[in-house]
Amino acid sequence: MSSSVKLLDPAFQGAGQKPGIEIWRIENFQAVPLPKSNYGEFYMGDSYIVLQTTPGKGGSNLYDIHFWIGKDTSQDEALTAAIKTVELDAVLGGRAVQHRELQGHESDKFLSYFKPCIIPLEGGIASGFKKPEEEEYEARLYVCRGKRVVKLKQVPFARSSLNHDDVFILDTRNKIYQFNGVNSNIQERAKALEVVQFLKEKYHDGTCSVAIVEDGELYTRSNSGEFWVLLGGFAPLNKKTTGEDDVIPETTPTKLYSITDGEMKPVEGELSKGLLGNNKCYLLDCGAEVFVWVGRVTQVEVRKAASRVAEDFVTGENRAKTARITRVIQGYENNSFKSKFDSWPEGSTAPGGEEVKGKGKGKVAAFLKQQGVGAKGTIKSVQVVEEVPALLEDGGKMEVWYINDGAKLPLPEADFGKFYSGDCYIVLYSYHSGERKEDYFLCCWIGKDSIEEDQKTAYQLATKISNSYKGRPVQGRVFEGKEPPQFITLFQPMVVLKGGLSAGYKKSIADKGLTDETNKADRVALFRISGTSTHNNKVLQVDAVATSLNSAECFLLKSGSSIYLWHGNQSTRKQEQLAAKVAAFLEPGVALKRAREGKESNTFWLALGGKKSYTSEIESSETIRDPHLFTFSLNKKGKFEVEEVYNFSQDDLLTEDILILDTRAEVFVWVGQCVNVKEKENVFKIGQEYIDRASSLDGLSPKVPLYKVTEGNEPCFFTTFFSWDPNRATVYGNSYQKKLALLFGPSQVAEEKTTGNQGAPTQRASALAALTSAFNKSPSKSPPPEKTTANQGGPTQRASALAALTNAFKSATRKSSTLERSPSNQSGSTQRAAALAALAASFNPSAETKTSAPKPVRSNPGGSQRAAAIAALSAVLTAEKKKQSPDVSPSISTSGTPAVTSPPTDADSSEVNPSEADDSVGVAKTNKEDLSEANPSGADDSQEVAKTNKED
């Protein structure tokens with residue numbers, strides 16, 4: 001046995017044979033398999049290795065290896081994880097992409113394996129594990145960040161941890177609270193709801209209650225009071241501060257270094273693929289991420305040394321706690337690495353090397369075999385069986401136009417299916433999809449010889465048609481030769497002819513001095529019949545010469561009044577049947593003459609200009625679909641950039657976004673309902689930007705079909721790439737409202753308030769701060785939440801007062817002047833009066849606790865403070881009555897299946913019920929008496945409060 005085999009950990013034998021995740025933990029500097037029941041649990045004092053195996057093209061597997069380093073792990077353990085990762089890669093054939101993951105700075109790809117989130121646990125193998133179920137349940141406060149993958153971080157259990165910009169989750173024994181900062185992202189709020197549901201199921205057996213608390217909103221239920229009491233009372237929140245874990249390294253200009261004998265040397269020259277040698281390792285520094293590129297013939301020890309150099313580099317650059325390290329091997333570079341280069345020619349060779357594609361895999365396996373390493377991950381290629389793609393429902397209505405002189409002219413129904421290479425066409429297909437209303441497939445077909453002016457006209461007129469249907473149609477752009485199955489199936493048969501009918505095309509041909517090849521009755525024409533199924537059986541007119549024939553296909557030869565069906569010896573019966581159908585379509589009523597390969601007549605060969613040799617190879621134009629979902633952005637220099645959404649699902653289609661789905665066979669640009677109008681107008685421009693980029697870096701065909709798909713109108717050939725739930729697509733609202741409806745029921749979810757008027761939340765927040773300050777003179781002296789066993793009367797009474805007060809505010813905003821005037825419905829004014837009375841009572845000791853001891857005659861600042869609090873709240877009430885639509889704060893109370901409730905969104909009546917004013921005066925009188933008794937100097941404040949309440 002060679003020395004290389006001894007260096008590999010036996011724990012990795014058999015790894016990567018099946019798709020999915022495998023995890024090892026580093027224990028005493030060895031990799032130990034983790035039980036599947038513990039997947040997703042990561043202890044802060046440990047390091048882990050995570051292997052993701054994904055089926056690739058042609059039957060081989062693709063690998064991603066992540067080594068996760070907890071913030072409390074030792075440096076030796078972290079280095080062991082890095083070295084063991086290289087060993088695992090060697091077992092897998094040396095072609096895995098390796099990722100260094102730091103706690104709190106994990107990559108989106110890593111987090112996508114553990115949706116909705118991972119929750120790092122305290123402890124480790126060295127210090128001992130501390131499982132949540134083994135300890136007394138303690139309330140925990142988390143900050144929740146991320147739109148599609150969540151980075152959940154535990155923060156100190158204190159009000160000072162909150163801010164207006166983030167979403168927080170407070171997990172207590174009996175209830176989970178979600179606090180939405182007033183400036184927090186709608187999509188992060190929606191994702192946090194998934195985390196709340198996850199915590200409920202994992203740590204509460206699905207039985208605890210759930211509550212939503214909105215930052216700065218006065219119109220909430222008792223949940224708000226409970227939440228603030230747990231955190232020591234309400235007070236103005238601090239501005240968001242940036243901690244060490246929040247720092248994101250800036251992307252810097254890329255720098256390339258070669259690694260030789262553990263030393264780094266800068267590589268001069270423009271960044272290009274040709275700089276990378278197959279017998280060396282390189283480091284590409286991009287600031288936030290550092291790549292290690294490994295030549296395919298480098299030895300295992302050289303690769304380990306390169307990993308150590310990368311670790312030392314980020315440490316020396318003070319980026320050890322933030323920078324991600326990703327290692328890629330030659331021939332298996334990911335898109336993130338290739339995007340750092342201006343272009344990445346497919347199949348090109350490195351200096352002194354051979355082409356990586358095809359032969360490269362064998363080279364790696366042979367090299368590892370020489371070292372005594374079995375390439376367990378290498379799987380023999382298997383024949384790919386084509387699956388029938390999702391097709392549109394038949395029986396619909398078809399309309400076809402061709403472009404001529406800047407206008408669209410209707411094509412006669414008898415010519416549906418005939419396309420000239422020099423023309424452009426618009427196809428509109430209306431059909432019914434399941435239980436939905438009528439759906440539309442709108443497509444431009446662009447002939448390879450068509451002029452640019454006709455192409456632009458076709459796009460513009462197709463967009464007008466789409467707008468006339470309010471943007472509902474799936475709008476596509478299809479180039480000749482790249483027709484997708486959904487398009488071909490609509491035409492049985494589909495025939496592509498030489499020449500064109502457009503005046504612009506004919507003028508272009510004349511200007512160039514070329515012969516117009518448009519099919520005419522007196523010309524010889526040869527048609528190739530390709531495909532055997534309805535989704536790929538296309539007919540193409542080819543040059544009428546013998547060299548165009550193929551033994552694997554059938555051909556139609558039209559010569560004068562005769563038409564021949566030539567079928568090669570390797571052609572199928574289905575192809576012959578299709579050829580006969582095409583002949584009847586092109587030349588109705590003409591008798592068909594059959595010519596089998598090898599038995600052709602002289603007349604047949606004469607029409608083709610004489611007998612010549614031809615091919616018998618079977619051409620395959622099928623594209624293996626490999627779907628990937630992307631978001632996009634423009635960097636500071638205006639360069640188009642994309643970011644992949646890993647392990648995507650329907651939940652990743654956020655209604656505020658535009659996303660790109662690339663299947664290699666077609667590109668979809670999905671547009672959410674809440675995307676602004678200007679962005680919607682640039683959908684095809686965005687799609688073309690992506691295609692240009694992917695063509696340069698990833699070998700995507702520049703003529704790939706491009707579709708615009710709007711939310712709620714997704715066709716079957718789009719949804720087939722998701723585990724699609726049609727009910728989700730019918731839920732309206734922003735991302736947060738949609739998630740509320742899906743998790744807690746759609747019937748009671750109210751519309752979220754608009755973001756345009758943020759003055760009211762600030763005013764209400766200040767009022768509540770004044771109130772709570774009056775309640776809690778010394779909040780810092782309060783006992784910790786959930787641990788106080790005595791003297792709970794004060795907080796409980798105050799929470800009740802807050803609940804009553806806020807419920808009264810909520811009712812006050814409802815537009816129900818008619819109801820309030822009704823003698824049978826005086827609950828609104830009574831409720832508000834009772835709420836203010838409860839508030840006043842909570843400020844003063846009850847009659848049962850008062851003693852007959854004489855009160856000292858001295859100033860009492862508490863009375864003035866309380867009066868000011870009531871005055872502030874009364875001012876809020878007055879302001880709210882005079883203007884604004886109400887704010888809505890969904891409140892969820894659950895004990896199994898939560899239900900969402902929220903107040904109506906109608907505006908309040910501008911008139912005030914007279915009986916309500918009387919109640920207000922009565923309460924003001926009570927307040928005045930209480931405050932005067934507590935503090936004579938508070939009388940003036942009390943009079944002002946009474947005046948304000950009366951006006952309200």
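Computed from a predicted model, the values in this text were never measured in an experiment.
- Minimum interatomic distance between Leu461 and Ala407 (heavy atoms only, all atoms of both residues): CD1-C, 4.1 Å.
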Check the pair Glu453, Lys456 against salt bridge (Lys or Arg N to Asp or Glu O under 4.0 Å), reporting the backbone distance first and the verdict last. CA-CA 5 Å; Glu453 184 179 349; Lys456 291 181 179 179; over 6 Å; no
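- Side-chain contact check for Glu480 versus Leu540: some heavy-atom pair is nearer than 4.5 Å.
- Phe648 and Pro627 get closest at one heavy-atom pair: CE2-O, 3.9 Å.
- At a threshold of 4.0 Å, the pair Asp652-Lys115 counts as salt-bridged, since one of the basic side-chain nitrogens sits closer than that to a carboxylate oxygen.
- Side-chain N/O atoms of Thr663 and Glu666 include a donor and acceptor closer than 3.5 Å.
- Side-chain contact check for Ser450 and Gln455: at least one donor-acceptor pair (N or O, by modelled atom type) lies under 3.5 Å.
- Tyr736 and Asn180 form a side-chain donor-acceptor contact under 3.5 Å, judged by distance and modelled atom types alone.
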Working for ring pair (Phe, Tyr, Trp, His ring centres under 6.0 Å), residues Tyr431 and Tyr429: CA-CA 7 Å; Tyr431 64 100; Tyr429 181 67; 5.6 Å; yes
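- Under the 3.5 Å distance criterion, with hydrogens and angles disregarded, a donor-acceptor pair is assigned to the side chains of Asp662 and Tyr690.
- At a threshold of 4.5 Å between non-hydrogen side-chain atoms, the residues Phe527 and Val542 do not count as touching.
- Here the CD-CZ distance, from Glu438 to Arg472, works out to 8.0 Å after rounding to the nearest 0.5 Å.
- The closest side-chain donor-acceptor pair between Asp516 and Thr518 falls under 3.5 angstrom.
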Step by step, work out the side-chain contact (heavy atoms from CB on, under 4.5 Å) result for Val709 and Val671. CA-CA 6 Å; Val709 177; Val671 184; over 6 Å; no
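- Here Glu517 contributes atom CD and Arg523 contributes atom CZ; the two are 7.5 Å apart, rounded to the nearest 0.5 Å.
- Atom OH of residue Tyr732 and atom OG1 of residue Thr655 lie 10.5 Å apart, to the nearest 0.5 angstrom.
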Evaluation steps, side-chain contact (heavy atoms from CB on, under 4.5 Å), between His432 and Asp439: CA-CA 6 Å; His432 287 277; Asp439 286 325; over 6 Å; no
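- Only one option out of Lys738, Lys739, Arg189 pairs with Glu194 in a salt bridge (Lys or Arg N to Asp or Glu O under 4.0 Å); it is Lys739.
- Ser184 contributes atom OG, which lies 11.5 Å from atom CZ of Arg145 (distance to the nearest 0.5 angstrom).
- Cation-pi contact between Lys418 and Tyr425: absent, since separation from the ring centre below 6.0 Å together with deviation from the ring axis within 45° is not met.
- Minimum interatomic distance between Ser735 and Gln187 (heavy atoms only, all atoms of both residues): OG-CG, 3.9 Å.
- Using a 4.0 Å cut-off between a side-chain N of Lys or Arg and a carboxylate O of Asp or Glu, Glu483 and Lys538 qualify as a salt bridge.
- There is a side-chain donor-acceptor pair under 3.5 Å between Asn713 and Thr710.
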Output, in order, the C-alpha distance, side-chain angles, deciding distance and verdict of side-chain contact (heavy atoms from CB on, under 4.5 Å) for Ile660 and Leu629. CA-CA 6 Å; Ile660 299 168; Leu629 188 68; over 6 Å; no
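- Considering only heavy atoms from C-beta on, Thr631 comes within 4.5 Å of Arg148 through its side chain.
- The minimum heavy-atom distance linking Ser421 with Val496 is given by the pair OG-CG1, 3.7 Å.
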Derivation of the side-chain contact (heavy atoms from CB on, under 4.5 Å) call for Tyr459 and Cys444: CA-CA 7 Å; Tyr459 299 146; Cys444 290; 4.1 Å; yes
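- The closest side-chain heavy-atom distance from Ile186 to Glu656 is below 4.5 Å.
- Asn734 and Gln673 are not linked by any side-chain donor-acceptor pair at a separation below 3.5 angstrom, with hydrogens and angles left out of the test.
- In this structure the side chain of Asp543 reaches within 4.5 angstrom of the side chain of Lys498, judged on heavy atoms.
- In terms of heavy atoms, Ala544 sits closest to Leu526 at CA-CB, 3.9 Å.
- Between Val427 and Phe491 there is a side-chain heavy-atom pair separated by less than 4.5 Å.
- Atoms CG and OG1, from Leu391 and Thr489 in turn, are 4.5 Å apart once rounded to the nearest 0.5 Å.
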Criterion side chain to side chain donor-acceptor pair (under 3.5 Å) on Gln688 and Arg477, from CA distance to verdict: CA-CA 11 Å; Gln688 189 59 52; Arg477 183 200 66 189; 2.6 Å; yes
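- Between Val478 and Cys443, the shortest heavy-atom distance links the atoms CG2-SG, 3.2 Å.
- Relative ring orientation between Tyr469 and Tyr440 is described as tilted, the plane-to-plane angle lying within the 30° to 60° band.
- Between the side chains of Asn334 and Glu644, not a single donor N or O lies within less than 3.5 Å of an accepting N or O.
- Looking at Phe419, Phe717, Tyr707 one by one, the single match for ring pair (Phe, Tyr, Trp, His ring centres under 6.0 Å) with Phe487 turns out to be Phe419.
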Please report the C-alpha distance between Ser502 and Asp454 in whole Å, then the side-chain angles of each, then the deciding distance to 0.1 Å, and finally whether the side chain to side chain donor-acceptor pair (under 3.5 Å) criterion is met. CA-CA 8 Å; Ser502 163; Asp454 285 351; 2.7 Å; yes
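- A 4.5 Å side-chain heavy-atom check between Ile658 and Val669 finds at least one atom pair inside the cut-off.
- Note that NZ of Lys708 and CG of Leu442 are 10.0 Å apart. Values are rounded to the nearest 0.5 Å.
- Residues Arg728 and Asp651 are paired through a salt bridge, judged by an N-O separation under 4.0 Å between the basic side chain and the carboxylate.
- A donor-acceptor pair under 3.5 Å links the side-chain atoms of Asn536 to the main chain of Ser533, judged by distance alone.
- Comment: Arg664 engages Asp698 in a salt bridge, judged by a side-chain N to carboxylate O separation of less than 4.0 angstrom.
- The shortest distance between side-chain heavy atoms of Lys448 and Phe479 does not fall below 4.5 Å.
- Between Phe718 and Trp724, the ring planes are perpendicular. Angles over 60° get that label, and only those under 30° would be called parallel.
- In this structure, Phe632 and Phe640 have parallel ring planes: the angle between them is below the 30° cut-off, well short of the 60° mark.
- Within a 6.0 Å sphere centred on CG of Asp692, heavy atoms belonging to other residues, nucleotides or ligands number more than 12.
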